[in-house]
Structure formats: C-alpha cells, structure tokens
Amino acid sequence: MNANLAFSTVSHSSTNALDELEIRIDHAFGDRSLLERAVTHPSYLQDHPDIAESNQRLEFLGDAVLQLILTEVLFELFPGDREGLLSKRRAALANGVFLAGIAREIGLDLALRIAASEEATGGRTRASALEDALEALIGAIYLDSGLAKARRVVLGLYGPLQDRLATMEDVGNPKGRLQELVQPVHGNSALRYEVVGIVGEDHAREYEVAVYLKDRALGTGRGPSKKTAEEAAARAALLVVQPE
C-alpha cells in the first residue's frame, strides 16, 4: 500500500479512526486491543484511570522490530557495504522526524488517543509522540501476526528503500539540494538550521543540528562541527522532502 495515498479526515478517537488506520496500513488486527494500546499516548491514562497501559511498552518492542527489519533489508540490498555505512543508512531511515512524517502520512495522528491537556498544547502533532506511536503500531502488528507480516507492513509504508535513500546519497551537497527543493515553493528564507545540542570536551565536540522548514522540523544530524552536523540534518530532511 502506498503511504502517500490520500485519506479522509476522521474523528480523533472514534472506532472509525481505527478502521481507517487499518485500511491505510493494510492490516486488520485479530486482537483489536493491541491496536487500541498502540494509539494510547501515556497522557491518556490521566483522564482514563480505567485503562491500564499506554503504548510505551509496545513502542519499546516496535523499535527493536523496526531495527531488525531495516537491518535485514539493507543487508540484502547492499551486499558490498561495510557495517558503518549500513548503520548510517539504517539510522537515517529510523530518524525520529522521518518516522513522525510516515505517521502523518498514514493518519496515525488522527487516531492517537491523548489527554485533553496534552491535546491543548499540541501533543497530537508532536514528532516524539508520533514516532513513539508508529513504533508501538509496529510492535502491535508483530504481536498480532508475527515478523513476516510486520515486515510487509513496514516495507509497504516505506516503499522501496533505495528510493528513500537516493535523495540523501546521490548528492554531494545536501544543503544545496534541500534548498533547491524548497525554494520554488517556500522562498529563499524558509529553511533554518539550529544547534540543539553540544556534547563532549573541547577537543572532541559533537554537535546536533535540526533543520526546519519554517516551523516544521524536517530532520536532525550530528557531526564534529556545525557544518557537518548541518549536512547530516539536510540528508535526513531529504528523505522526507520530495520534489514538488
């Protein structure tokens, strides 16, 4: 199933939202409680004390399942690559902002069960919440139908991994390529790079940079200098931004 397929707007917490989500991911749950748990944000338990568990444990499981699936497929696709390059490719495909983008593509944000207070502060659209929910969904599919089905769903959401990776790997100037894609629609000043973390001693600093399209986070990257971290962030963003 193509994750970019347009879908109808549904109410946030209705049964219909879960039905629509099952259609988009091309998987009907045998155990519907797994799906309900996967879309239950931890804050939801504050308003619903009768619900025993949020999606945090499923997120833990789903993260491991996703890593295994990506590792296996990348291992098969690139038989000549060394461990370091395979790890970089896997990290790009599992980038949190990238996963949040997939979650939005399938309408997972619409199905998320979230507390009213969290809703009021924009929690439904927060990248970390969507990343966790997508990983929880993968974990739920794994428990419901096994690894083979989880693999089919994940690869259906991603599409060909070569295509996802191509925009990142085929350009030597990722910042320039990202600017080329964004500028015709959003103008010259729509992109900004922001240092969000610095770790290490003076002689071994590592910078973490996030790139934003106006107020929307597109990707993050790390490197020993601001320049290399910005380039890494642009490469991650190129996996999300498609030519208009």
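Ring geometry, Phe29 versus His27: the interplanar angle exceeds 60°, so the pair is classed perpendicular (tilted spans 30 to 60°).
With Asp63 contributing its side chain and Glu135 its backbone, the two residues share no donor-acceptor pair below 3.5 Å. Using modelled atom types, no side-chain atom of Ser145 and backbone atom of Ile141 make a donor-acceptor pair closer than 3.5 Å. Side chain of Arg104 to backbone of Thr125: a donor-acceptor contact under 3.5 angstrom is found. In this structure, Asp144 contributes its side chain and Gly30 its backbone to a donor-acceptor pair below 3.5 Å.
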Inset, instruction - Step by step, work out the salt bridge (charged side-chain N to carboxylate O under 4.0 Å, His left out) result for Glu72 and Arg151. - result: CA-CA 10 Å; Glu72 179 188 24; Arg151 188 180 192 272; 3.1 Å; yes
Inset, instruction - Would you please test Glu36 and Arg32 for salt bridge (charged side-chain N to carboxylate O under 4.0 Å, His left out) and show each step? - result: CA-CA 6 Å; Glu36 292 172 351; Arg32 190 60 173 263; 5.1 Å; no
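Between Val39 and Asn55 the shortest side-chain heavy-atom distance does not fall below 4.5 Å. Contact of the Leu165 side chain with the Leu74 side chain is registered, since non-hydrogen atoms from C-beta on lie closer than 4.5 Å. Leu191 is not listed as a side-chain neighbour of Lys175, based on a closest heavy-atom distance of 4.5 Å or more. Put simply, the side chain of Asp26 does not reach to within 4.5 Å of the side chain of Ile23, judged on heavy atoms. Looking at heavy atoms from C-beta onward, Leu110 lies out of side-chain contact with Leu21 at the 4.5 angstrom threshold. For the pair Arg113 and Ile51, the minimum side-chain heavy-atom distance is below 4.5 Å.
Side-chain atoms of Thr71 and Arg90 form a donor-acceptor pair, as typed in the model, at a separation below 3.5 Å.
Atom CD of Glu76 has more than 12 heavy atoms from other residues, nucleotides or ligands within 6.0 Å. Within 6.0 Å of CG in Asp215 there are 12 or fewer heavy atoms belonging to other residues, nucleotides or ligands.
Contact record, Ala94 with Gln67: CB-NE2, 3.6 Å, taken as the closest heavy-atom pair. Residues Tyr158 and Leu70 come closest through the heavy atom pair OH-CD1, 4.0 Å. The two residues Val209 and Ala229 come nearest to each other via the heavy atoms CG2-CB, 3.6 Å. Nearest approach of Ala127 to Ala100, heavy atoms of both residues: O-CB, 3.7 Å.
At least one cation-pi condition fails for Lys226 and Tyr193: the charged atom is not both under 6.0 angstrom from the six-membered ring centre and inside a 45 degree cone around its axis. Judged by the 6.0 Å and 45° rule, Arg222 forms no cation-pi pair with Tyr207.
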